[in-house]
Amino acid sequence: MNKQLLGRNLSGRSVAGTGLRHGHTLRRPVPFAPSRLPPARATGKPDDEEPENYEALRERFFRSGEGASSSNSQQQGSAGKDADGANLLNVINPYELGRQTRKAFDDVWGQLSRVSSPTRSFIIDDVLEVGVGADAEFAAPQAAYTTVLVVGATGRVGRILVRKLLLRGYKVKALFRNRAGVGKDAIPDAVEVVEGDVGDMATCQKAVQGVSKVIFCAAARSVFTADLLRVEDRGVMNMVKAMQDELYRRAKRSGGKYSGAAKKELADFNARFHQARWNVQFVGTPEDAAAAAEGRPSRDAGDAYGRVNVAEAVITDDNNLLFSGTLMSRGALAEVGAQLAARLPGGEHRTAGTEGLVLRVRGDAHSYLLILETSEGHRYGARFPTREGYLTVRLPYAAFRSEYQDQPPLDPSKLSNIAIRYENRRQGSSQVAALRAAKGLAASDMAALAAQQARDQRFSLEVDWIKAVPGGSEPDFVLVSCAGKSRPGIDPADLRKVIEAKRRGEENLRTSGLGYSIIRPGTLLDEPGGYRALVFDQGDRITESIAAADVADICLRALHEPEGRNKTFDVCYEYQADEDNAMYELVAHVPDKKNNYLKAAVASLAKNT
């Protein structure tokens, strides 16, 4: 019944009328009645002949053959039902109706007319298909399921980056401080706006909800210390912590206990479990260690000289492990450590799939050695410096060196022991005399040298926690920092303050456990990008400028680039290096929309920098 009603209401007149409104010109009247088709005529001029498939075309357009073949008596007997059929028109999709109407009229008119084919109706689907093909170079397969938060979206880099992301189909959120004065031309309507300050943790928590990746390109508007601290230092730290919390909440909602980006605990001395496991494992000289390994008594065992090499490990009131002692023998060493449980309390492997360690310590300006031992008995060590006060140290597995040659590469899934070693590496009397002669030290200066040796004999290191950094294939956080060379129009003292604040923000990101890419561009220029070769380097040596559009493009490409994960690099326009700097090696690439130049540019750069 519904099909009959629909067929009667969509008459031939509405089809012809729709076609005429789209610009078609008839040379003779259309040979069918307004409400139903006329009977086929046996004779007539060729121009008046109806096509054989005319009935099939009309049935296809109205989606029913019953309505077209209904008699006049049936139409008169269902007048009340026609009113119901008219109501059906209100629920028909106008786009679909217009599209079918134009297609049906084009097909009918092409067979009725004996003249040249008229202009085809404009269909939006054709435009969409052509547009996708023309912009195939902007295709980003990951964009459909990636939400990117741009911090500082109204800045020189951020406003360009937002449009690049939207063009490729990303869902974009923007965080900036003040919406007043920011027009729609600066932030498109498709962007979800979060208004607030990066110095406010609550604002950062709100901004990262539902976010997959973060691009931080905000910058302080002045060189005042408070402004630099709020944006460059604390702002980065707040965003990093907010993103870590968001990933943890997401893991909990999906049924997991740990976030894929969360660090895995190796030792946290707030827990009694770890407090009881860590003890001093060895104190003495390397000869003592070799004798102990062979089951022989040490050469100095029991004598007075041997007993002055002492070390202890205790838990402080702050629940830190305090590793301290005195090593009087030249070359003496002390180790504190524990065995590692293979799995976390939730059943997840403790170190498999991780790419390095991060530890929070309070040092004494001495250098220490972190030692990892596998279940096969192979030992690997990485040295790290300390300073007076707390600091966070990140050690990638690539920094660990094997104890002996021909050992296999370090396999994190096989770690069974962890230890921290201090070595008294003071020089012998003959070396001291040679050093004094070389430096021209007077005998009176030997007192200062002796005081330094005494300081080397004593050590004290507090350890808060040790965690394993999870691995991954892509960056979670892209940070736009700055190069450290001088810039025109900025006082050197002010520039030093800016760089120090930005470096603190970089360190907050490196030690977080999130996958990162830190970009240090040269002086930003407001000019089109993609026309000049770019130089990628490490070592804080670049001095040239770069377009803000090129920096935005690098941020975009870094989102899904495995080669850029956990790397810090400088970038600027290509230039000629100094002739006397033979060791100066640069990587230059011309930006290309069809090829990811970033992969080749950063592949040779060092990780975890």
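Positions are given from 1 along the sequence.
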Is L369 close to I420 at the side-chain level, that is, under 4.5 Å between some pair of heavy atoms? no
Side chains of R163 and L161, heavy atoms from C-beta outward: is any pair under 4.5 Å? no
Pick from Y368, F384, F282: which one makes a ring pair (Phe, Tyr, Trp, His ring centres under 6.0 Å) with Y422? Y368
Is it true that atom NZ of K497 has more than 12 heavy atoms of other residues, nucleotides or ligands lying nearer than 6.0 Å? yes
Quick check on F224: does its CZ atom have over 12 non-hydrogen neighbours (other residues, nucleotides or ligands) under 6.0 Å away? no
Supply the atom-to-atom distance [X] [atom1] to [Y] [atom2], rounded to the nearest 0.5 angstrom.
{"X": "L322", "Y": "L461", "atom1": "CG", "atom2": "CG", "answer": "8.5 Å"}
{"X": "I371", "Y": "E403", "atom1": "CD1", "atom2": "CD", "answer": "7.5 Å"}
{"X": "R159", "Y": "T154", "atom1": "CZ", "atom2": "OG1", "answer": "9.0 Å"}
{"X": "S212", "Y": "K171", "atom1": "OG", "atom2": "NZ", "answer": "9.5 Å"}
{"X": "L321", "Y": "D464", "atom1": "CG", "atom2": "CG", "answer": "10.5 Å"}
{"X": "K502", "Y": "D233", "atom1": "NZ", "atom2": "CG", "answer": "11.5 Å"}

Could you tell me if the ring centre of F477 sits under 6.0 Å from that of Y516? no
Is it true that [X] and [Y] make a salt bridge, defined as a side-chain N closer than 4.0 Å to a carboxylate O?
{"X": "R250", "Y": "E246", "answer": "yes"}
{"X": "E423", "Y": "R383", "answer": "yes"}
{"X": "D540", "Y": "R503", "answer": "yes"}
{"X": "E265", "Y": "K467", "answer": "no"}
{"X": "K414", "Y": "E376", "answer": "yes"}
{"X": "R362", "Y": "E388", "answer": "no"}
{"X": "D526", "Y": "R156", "answer": "yes"}
{"X": "D553", "Y": "R557", "answer": "yes"}
{"X": "E373", "Y": "R379", "answer": "yes"}
{"X": "R510", "Y": "E507", "answer": "yes"}
{"X": "R421", "Y": "E335", "answer": "yes"}

Between W278 and F269, does the ring-ring contact (aromatic ring centres under 6.0 Å, His included) criterion hold? Intermediate values first, please. CA-CA 9 Å; W278 280 70; F269 296 102; 5.5 Å; yes
Quick one: do R234 and N508 satisfy side-chain contact (heavy atoms from CB on, under 4.5 Å)? Show the steps, please. CA-CA 9 Å; R234 189 176 299 162; N508 292 333; over 6 Å; no
Test side-chain contact (heavy atoms from CB on, under 4.5 Å) on Q205 and K241; report intermediate values, then the result. CA-CA 9 Å; Q205 295 279 7; K241 290 183 177 180; over 6 Å; no
Under the side-chain contact (heavy atoms from CB on, under 4.5 Å) rule, what do K173 and V150 come out as? Steps first, then yes or no, please. CA-CA 6 Å; K173 296 182 70 174; V150 180; over 6 Å; no
List the steps and the verdict of side-chain contact (heavy atoms from CB on, under 4.5 Å) for N320 and Y390. CA-CA 12 Å; N320 291 342; Y390 280 100; 2.9 Å; yes
Only one of E474, K213, R565 clears side chain to side chain donor-acceptor pair (under 3.5 Å) with H560; which? E474
Do any N or O atoms from the side chain of T568 and from the backbone of I518 form a donor-acceptor pair under 3.5 angstrom? no
Matching residue for V198 among N238, T203, L175 - test: side-chain contact (heavy atoms from CB on, under 4.5 Å): L175
